Amino acid sequence: MWAFQAAPTIQQPYLPLHFNNGPITRISSHLHHPTTATLRTATATTTNNKNPLIQSLCKKGNLKEAIQVLSHEPNPTQQTYELLILSCSRKNSLADGEKVHRKLVNDGFDEDPFLATKLINMYSDLDSIDHARQVFDKLYNRTIYVWNALFRALTLAGHGDEVLNLYRRMNYRTGLLSDRFTYTYVLKACVASESLVSLLRKGEEIHAHILRDGYESQVHVMTTLVDMYARFGCVSSAGYVFDEMPMKNVVSWSAMIACYAKNGRPFEALELFRDMMLETLDVLPNSVTMVSVLQACAALAALEQGKLIHGYILRKGLDSVLPVISALVTLYARCGNLKLGRRVFDQMVKRDVVSWNSMISSYGIHGFGGKAIEVFKEMLNSGVPPSPISFVSVLGACSHAGLVEEGKILFQSMVREHCIYPTVEHYACMVDLLGRANRLDEAAKIIEDMRIEPGAKVWGALLGSCRIHCNVELAKRASRRLFELEPRNAGNYVLLAEIYAEARMWEEVKRVKKDLEARGLQKVSGCSWIEVRRKIYSFTSVDEFNPQIEQLHALLLNLLMEMKEKGYVPETKVVLYDLAEEEKERIVLGHSEKLAVAFGLINSSRGGTIRITKNLRLCEDCHSVTKFISKYADREILVRDVNRIHHFKDGVCSCEDYW
DNA sequence: CTAGGGTTAG
C-alpha cells in the first residue's frame, strides 16, 4: 500500500512490536522530546532553514500552496511538518495528508516519534484508522506518546478490544510505563468495544493498575473511571470512586450525575445536583451538567422541578446551547406538555439532527404520528440529513398511531433514499408497528427476512404484540428465543405468563412463574408517581405505609360502584392467579396508577391536569377506569407509561384505545 | 495526545 523509501538516516529492521530496551530506548527517550531535533532536523536547524513560507501558508490555511512549496523544499524542519500535518487534519484532506506523509518519509523523518504521534492523530481525525495503525507498525522508536496516540485513535474508532490487547503487550514487552493519558484511553477502550463481550473485568484490572501507580488524585483519570463504571451500569462502583476522589471539578460531578440519570436513578441525580450546588462554592454547573439534570426531571416527569431548572438555565445564559434546548424539548414533551416543548423548539435559531429528533419523538409519544412525519419531512426539506435515530423516532411515532403504510414507506426509504441500513432497533420498530396493528404474520415475516441477526429487541417487540392480541403459538416461539437471548429479563416471563393467563392456560402460567423464580428473578412491581407542588409521591399496589391509603381505597371503591352502575366491567386478565373474579377485581383496583390518580384527585386543585407516570405499560383496566374518571370527575388526566403518553379527557383517551 | 452531555429502544 505504502511505497515509502527506506529512511536514509536511521536504518532499522521492521518489527511490528519489540522489546523497548537497549540503545533504542536511549535514542527514543530524547527523540520524543519536541524541542530535541532528530538527526535530520539537527542538520536542518544548523542551516537555519525554518521554512518560513510553508509555515506561514499553513497558518493562513493555504494547504495546497504549502504542499506545492514543500515539494521543492530540501530541508523541511520537524516544526514545518507538524504544521503541515495539523493543516491536513483541519482541512479534512486525506489525500494531502498522504502526500505530506510520503515526503516526510523521504526526508528521513519516518523514525521521528514526535511526528509519528502527529501523523497517527491526523489519520485518526481523518477516519483512516488503517493508516494510523501502519504508522505505528512501521515505527521502531515508540514512546508512550506514540502508544497513547494509537490508543486514542483505536478507541475513537470503536476498536476497544484491540487497544486492550496492545495495552497488555505494551506492559509485557516494553519497559514503558503508562501515564495518565494512557489510563484515560484504555479505560475508555473498555466501553468502546465492537464485540459484545463485557470488558468490565478489564476495567477493574486497570482500576487496580491506576491505584498501584498512584493516579488516584488525577482528576481526568478518576473521572474517566467513574464514567466507565457508569456505562457498565455499575452505579455503586461509580459512586464509590466518586466519593473517594480527593479533587472533584464540574466534569467529575457531571459524570456522576449523568451516571444516575442514565441508569434509572433520576432521583439520586437530582439529589447529587443539589449537593453540588450546596457543598461546593467553586464548582459551578455548566451546560453539560444541566443536560443530565433535565434528563432526570424528564424521567421523573417532574414538570414543576423542570421549569425551575429551565429558569436557572435562562439566568445562567445556557439557553442557547443546542444539547440543552433539545433536552428541554424532550423534558416538556415527556412531562406531557407538548405545547411548551414545541414553543422551545420553535424558538431555536439553529437546529441540528438531534433537535429535530427530539421534536419528532415528542409527537410520537403523544400519539401524533402524522405530525411526527410532517416534522420529519420538514427536517429533510431544511437540508438536515436524517440519522438512524431519526428513523427510530419516526417509525416509533407511526407505531403508536397505527400508521402502518406510512411506516412501511419510511422504512423502505431508509436505504433507498438515505443510505441508512436498518439496525436491530429499526426492525424492532417495524415488528412493533405491524404486530400492534394485529398483522402478526407480517411481523413474523419481517423477522424471517432480516439480513442481520434479530436481537432481543426484535423478539421482544413480537412477544409484546402477541400479548396485545393474545397469540399463544407465536408467543411460544418468540419467548423461546428471548429466554436464550436474555435469560435474566423478568419482563419476558411475565409477558408470556400474562398471555397464558388470558388464554386460561393456568398450568402454563404456573410453569412460567416457577421458571422465573428458579432463576432468582422477580416480577418488576408496578410503580406510579405524581408530582404535587414540586414534591414527588410514589405508589405501589402493596404500599401499606401511605398515610392516605385508606382514603384512596375508599375513593376508588366509591368510583367502582358508580362505574359498575354505568356498565363498566373490570378487565382482570392481567392477574396471574386463578382466582375468583371478585378477588381479581380487588387486585386490579389496587394497581398503583389508580392509587396515584385517586391521590391526584384528592390533593390537587380542580381544573388542573393530573399527571401520572408509570414504570410499566398501562394495563387495560386502569386505562378504562381512568377514562371514566376523566369524565365523571371532570378532570384532564395525563398518564405516561413506559411507552407513551395517554391524555384522558371527557371519557376518551388520546390513544383511541390503541397502545 | 486526557475526563462529563442531547435524540431512539419491546
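It should be emphasised that the depicted structure is a prediction, and the values quoted were computed from it without experimental measurement. Below, read A as the first sequence line, B as the second, and so on, with proteins coming before strands; counting in each chain starts at 1.
At whole-Å resolution of the value, CG in Leu433(A) and C1' in dA9(B) are 15 Å apart. Rounded to an integer number of Å, the gap from NE2 of His426(A) to C1' of dT7(B) is 12 Å. Taking atom CG on Leu328(A) and atom P on dT7(B), their separation rounds to 11 Å, with Å as the unit.
Across residues 481-494 of chain A, Leu482(A), Glu486(A), Asn489(A), Asn492(A) each have a non-hydrogen atom less than 4.0 Å from an atom of DNA chain B (numbered order).
With sequence neighbours excluded, no residue forms a side chain to side chain donor-acceptor pair (under 3.5 Å) with Gln218(A). Every residue two or more places apart in sequence or in another chain was checked for a salt bridge (charged side-chain N to carboxylate O under 4.0 Å, His left out) with Glu448(A), and none qualifies. In this structure, the side chain to side chain donor-acceptor pair (under 3.5 Å) partners of His159(A), at least two apart in sequence or on a different chain, are Glu194(A). By the side chain to side chain donor-acceptor pair (under 3.5 Å) test, Arg480(A) pairs with no residue at all, sequence neighbours left out.
Sorted by first and then second residue, the salt bridge (Lys or Arg N to Asp or Glu O under 4.0 Å) pairs involving residues 347-366 of chain A (not counting sequence neighbours) form an empty list.
Across all strands, Ala456(A) comes closer than 4.0 Å to base atoms (heavy-atom distances).
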*Can you give one letter per nucleotide of nucleotides 1-6 of chain B, 5' to 3': B if a protein heavy atom sits under 4.0 Å from the base, S if only from the sugar-phosphate, - if neither?*
BBBBBB
With a cut-off of 3.5 Å and sequence neighbours excluded, list every side-chain donor-acceptor pair involving residues 318-329 of chain A.
residue, atom, partner, partner atom, Å
Ser326(A), OG, Leu322(A), O, 3.3

With a 3.5 Å cut-off and sequence neighbours excluded, list the donor-acceptor pairs that the side chains of residues 149-158 of chain A form with protein atoms.
residue, atom, partner, partner atom, Å
Arg152(A), NH1, Asn121(A), OD1, 3.2
Arg152(A), NH2, Asp125(A), OD1, 3.4
Thr155(A), OG1, Phe151(A), O, 2.7

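Ser254(A) and Thr289(A) share a side-chain donor-acceptor pair at under 3.5 Å.
OP1 or OP2 of dT8(B) sits under 4.0 Å from a side-chain N or O of Ser361(A).
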